[in-house]
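What follows is a short report on a single structure.
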Amino acid sequence: MDFQEEFINNLKFYRKEKSVSQEKLAEFCGCATGTIGCIECGIALPSFEMITKIAAALKIHPADLFLRNASTTVSNTKKILRSELIPQIEEFVEKRL
């Protein structure tokens, strides 16, 4: 899997979904306008700090830039575990003990 390509695709997806131009995103992140363009073209690699700034500006979890909807997936998984698996475990423990 090409993580840079995935990152670029997700960055473009969320930026467009939120109707944020490259210029506006650069302003939010405190960088030059061309920086976002270079990241989206694969010319520049963002630092960890820049990744977190981009995520904050787009109001998403940084993990979503690498795996689209990752934070939602984690949240949904936790809900399933709480609502379905934990009661089953508790029932099993009650029966066995």
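Here the structure is a predicted model, which is why all the values come from computation and not from measurement.
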[atom2] on [Y] to [atom1] on [X], rounded to 0.5 Å:
{"X": "Asn10", "Y": "Leu58", "atom1": "CG", "atom2": "CG", "result": "11.0 Å"}
{"X": "Leu67", "Y": "His61", "atom1": "CG", "atom2": "NE2", "result": "11.5 Å"}
{"X": "Phe3", "Y": "Ile8", "atom1": "CZ", "atom2": "CD1", "result": "13.5 Å"}
{"X": "Leu65", "Y": "Phe13", "atom1": "CG", "atom2": "CZ", "result": "11.5 Å"}

* Structure fact -> Residues passing the salt bridge (Lys or Arg N to Asp or Glu O under 4.0 Å) test with Lys18, sequence neighbours excluded, are none
* Asked: Looking at residues at least two apart in the chain, or sitting in another chain, which of them share a salt bridge (Lys or Arg N to Asp or Glu O under 4.0 Å) with Glu23?
  ->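 Glu23 satisfies salt bridge (Lys or Arg N to Asp or Glu O under 4.0 Å) with no other residue.
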Under 3.5 Å, which donor-acceptor pairs link side chains of residues 85-97 to any protein atom two or more places apart or in another chain?
from  : atom 1 : to    : atom 2 : distance (Å)
Glu91 : OE2    : Lys95 : NZ     : 3.0

* To do: Output every pair passing salt bridge (charged side-chain N to carboxylate O under 4.0 Å, His left out) with a member in residues 41-56, not counting sequence neighbours, ordered by first then second residue.
  => Glu49-Lys53
* Set of residues satisfying side chain to side chain donor-acceptor pair (under 3.5 Å) with respect to Glu40, sequence neighbours excluded ->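 For Glu40, the residues satisfying side chain to side chain donor-acceptor pair (under 3.5 Å) (neighbours in sequence not counted) are Arg15, Gln22.
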* Say whether Phe66 and Leu45 are linked into one hydrophobic cluster, either directly or through other cluster members, by side-chain heavy-atom distances under 4.5 angstrom. =>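 Phe66 does not cluster with Leu45.
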* Asked: Under a 4.5 Å cut-off applied to non-hydrogen side-chain atoms, are Pro46 and Phe7 in contact?
  ->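 They are in contact (side-chain heavy atoms under 4.5 Å apart), so the answer is yes.
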Sequence neighbours excluded and cut-off under 3.5 Å, please list the side-chain donor-acceptor pairs for residues 28-39, or say none.
from  : atom 1 : to    : atom 2 : distance (Å)
Thr35 : OG1    : Ala32 : O      : 3.3

